[in-house]
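Data first, discussion second: the structure below is written as structure tokens.
Chain letters run A, B, ... following the sequence lines, proteins first and then strands; every chain starts at 1. Just so it is clear, the structure is predicted and the values come from calculations on it, not from any experiment.
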Protein chains: 2
Amino acid sequence: MGARRGEDVEVVTAPGRLPGGDERAVRERARAIPEAAVARLAVYLRVLSGLAEQGVTTIASEELSAAAGVNSAKLRKDLSYIGSYGTRGVGYEVEVLVDQIERILGLTRKHSVCVVGIGNLGHALANYAGFPGRGFPVSALFDVDEDLIGVPVGGILVSHVEDIPRVCAEREVSIGVIATPPPAAQGVCDRLVSAGVQCILNFAPVVLQVPDHVEVRKVDLAVEMQILSFHVARRADEAANADESGMVVPG
Amino acid sequence: MGARRGEDVEVVTAPGRLPGGDERAVRERARAIPEAAVARLAVYLRVLSGLAEQGVTTIASEELSAAAGVNSAKLRKDLSYIGSYGTRGVGYEVEVLVDQIERILGLTRKHSVCVVGIGNLGHALANYAGFPGRGFPVSALFDVDEDLIGVPVGGILVSHVEDIPRVCAEREVSIGVIATPPPAAQGVCDRLVSAGVQCILNFAPVVLQVPDHVEVRKVDLAVEMQILSFHVARRADEAANADESGMVVPG
DNA sequence: GTATGTGAAAAAGTTCACAGCC
DNA sequence: GGCTGTGAACTTTTTCACATAC
């Protein structure tokens, strides 16, 4: 990522420092993109794809950031993590950004997905044909319900949860989506992990315990609702306070 | 690396700084619970409710934090934002924490929810009878499809999107859930806002534009998948690098 | 003139470590 | 002894502001 620097700002290595691990740490850090920035890059990508479809070829940070709901400094900083692809005085070429973000996010390869738990939600997920933002083909479905096994959902036959290891290996599943009832989630997770799945998207309201090398992201409806509830409450408080211009709060 | 700030750089207020709004800002800050902590409080609440059901009456930060998937210092800090309800040398009373967290999150009152867009996902959401973590009754459903209007889903009749203002007012909806196709989302959002809904949970892959007083949270499948994809890719990179530096890669 | 890219400052969030209380 | 509560240290993330390039 050839950000060129006039001079090498040599890190004046303190003389007593770890010799071996240091360089690698530095390289890793240089390569590292903040987690928060990764999430936003995905958003920028979607906005950019939309723009490309509309025939927009060039865009300035100000405009792109507005469309993505962030401020322009943050957008530029985020983009700077992946390289320097803009033109000063002009802006960014939409197509270039799309390509670069896709590269960074690893979207140049396909990631097979399996969905475990074909209830209401699992059904909905399986039917998101090809999963939002193509590149994530759903290639296996699992449930424990005998009545569902062998039934096609969104074009894929449901397999039994017991077969997770075999089926996931065969179909090279790299991402597992858990949409089971809470009590089943940890067990399913363990099976996925032992099947070699390294990334899990968890919709079950449970905190999954996984080994370090497995990445879990969770989507938690109850938590989201409660956060909103908190904001409703706070707003009510603020309104009350504004009213009184100050003092409050009994235990 | 030498940038330590050992001594108190006394904040000699630069004479050019805003003096007026300062006090209020300070007071607000003192009262404020970090956004990140709010999300975790909701998780603690769930874990605690489970414990209470199992008859556990007292728990130490170490154990509770393990169950919630965070470290104990963070847990204690988070709890400290809502008050001091623990006993040194002992731990926390489960019931007390449940009550206090519920109070802070505003769960002592009910929040009526409406779901807009009764497709696969909306259907699943509407059927989450009473919504995860009771206290969020679904009290209205909306769609544009004439064939759906008047049909009961999860016990509630679907209304037309045009009726959002009237129905939301009647049923005192305080949280709107958007599960429409992307192109419809902003329009629906505008309607919800004009109906006085101040909190929105958005499942549509669009960045919603709302006035400042409206709180939006989004659940974005595509983004979640892409973040996982990023981690798959990074892992692959790391494996390649480790290879280079002579490490043994596990199968 | 205009808009990027980026050090440096500020803010937010996390972890440490230990005084204080049981 | 054991565990909470919390200032202080540290880390990460965001914002500022401007040199740099077109």
Side-chain angles (χ1 to χ4, degrees), chain A residues 1-11 25-26 28-30 32-41 43-44 58-66 68-94 96-97 100, chain B residues 1-9 11-14 16-18 22 25-26 28-41 44 58-66 68-94 96-97 100:
Chain A
M1 274 129 252
R4 59 199 133 120
R5 295 155 265 205
E7 55 246 321
D8 264 355
V9 177
E10 193 44 285
V11 177
V26 169
E28 263 167 29
R29 168 143 336 187
I33 300 173
E35 187 69 25
V38 172
R40 287 189 299 264
L41 284 170
V43 174
Y44 305 153
T58 292
I59 191 160
S61 65
E62 204 66 51
E63 214 182 332
L64 179 53
S65 66
V70 303
N71 67 41
S72 63
K74 195 187 281 180
L75 172 87
R76 291 200 302 278
K77 182 63 105 179
D78 287 344
L79 292 180
S80 80
Y81 293 126
I82 67 174
S84 298
Y85 301 106
T87 308
R88 291 167 195 232
V90 180
Y92 302 90
E93 260 190 76
V94 173
V96 171
L97 281 192
Q100 294 304 324
Chain B
M1 299 237 191
R4 63 163 150 189
R5 270 168 282 178
E7 47 261 321
D8 259 355
V9 177
V11 182
V12 182
T13 318
R17 259 338 204 176
L18 329 167
D22 243 335
V26 168
E28 266 168 26
R29 167 145 336 185
R31 190 179 302 280
I33 301 175
E35 187 69 25
V38 173
R40 288 189 299 264
L41 284 170
Y44 306 152
T58 291
I59 192 161
S61 65
E62 204 67 51
E63 214 182 329
L64 178 53
S65 66
V70 304
N71 68 39
S72 64
K74 195 187 282 182
L75 171 86
R76 291 200 301 278
K77 182 65 105 180
D78 287 345
L79 292 180
S80 81
Y81 293 126
I82 68 174
S84 298
Y85 301 107
T87 309
R88 292 165 197 235
V90 180
Y92 301 89
E93 259 191 77
V94 172
V96 171
L97 281 192
Q100 292 305 324

Would you sort out whether A:L64 and A:L97 count as a side chain to side chain contact (heavy atoms under 4.5 Å, CB included), showing the intermediate values?
CA-CA 11 Å; A:L64 179 53; A:L97 281 192; 4.1 Å; yes
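Between the C1' atom of D:dC3 and the CG atom of B:L75 lies a distance of 12 Å, rounded to the nearest Å. Between A:L79 atom CG and C:dG5 atom P the separation is 7 Å, expressed in whole Å. Note: CD (A:E35) to P (D:dT11) measures 19 Å, nearest angstrom. Put simply, CG on B:L64 is 17 Å from C1' on D:dG2, counting in whole angstrom units. In this entry the distance linking CG of A:D78 with C1' of D:dT14 reads 10 Å, nearest Å. In this structure, the OH atom of A:Y92 is 8 Å from the C1' atom of C:dA3, given to the nearest Å. Look at CD1 on A:I82: it is 14 Å from P on C:dT4, rounded to the nearest Å.
Looking only at side-chain heavy atoms (C-beta outward), A:L79 and A:Y92 come within less than 4.5 Å of each other. Within the 4.5 Å cutoff, no side-chain heavy atoms of A:V38 are placed close to those of A:Y81. Looking only at side-chain heavy atoms (C-beta outward), A:S65 and A:N71 stay at 4.5 Å or farther from each other. Side-chain atoms of B:T58 and B:V94, non-hydrogen and from C-beta on, never get closer than 4.5 Å to each other.
Looking at residues two or more places apart in sequence or on another chain, you find a salt bridge (charged side-chain N to carboxylate O under 4.0 Å, His left out) between B:E35 and B:R217. With sequence neighbours left out, the side chain to side chain donor-acceptor pair (under 3.5 Å) criterion links A:S61 to A:R76. Residues forming a side chain to side chain donor-acceptor pair (under 3.5 Å) with A:E63 (at least two apart in sequence, or on another chain): none. Residues that satisfy the salt bridge (charged side-chain N to carboxylate O under 4.0 Å, His left out) test with A:E62, not counting sequence neighbours, are absent from this structure.
Between A:S61 and C:dT4 there is a side-chain N or O to OP1 or OP2 distance below 4.0 Å. The side chain of B:R40 places no N or O atom within less than 4.0 Å of a non-bridging phosphate oxygen (OP1 or OP2) of C:dG13.
Stem analysis of DNA chain C (Watson-Crick or G-U pairs, both distances under 3.5 Å, runs of at least three) returns C:1-22 with D:1-22.
Heavy-atom distances to DNA chain D give each of B:G86 and A:P34 a nearest nucleotide, and the one nearer the 5′ end belongs to B:G86.
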Sequence-aligned protein contact record of nucleotides 15-22 of chain C, with B where the base is within under 4.0 Å of a protein heavy atom and S where only the sugar-phosphate is
BBB-BBBS
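Set against C:dG5, D:dT14, D:dC3, the side chain of A:A36 has D:dT14 as its closest nucleotide.
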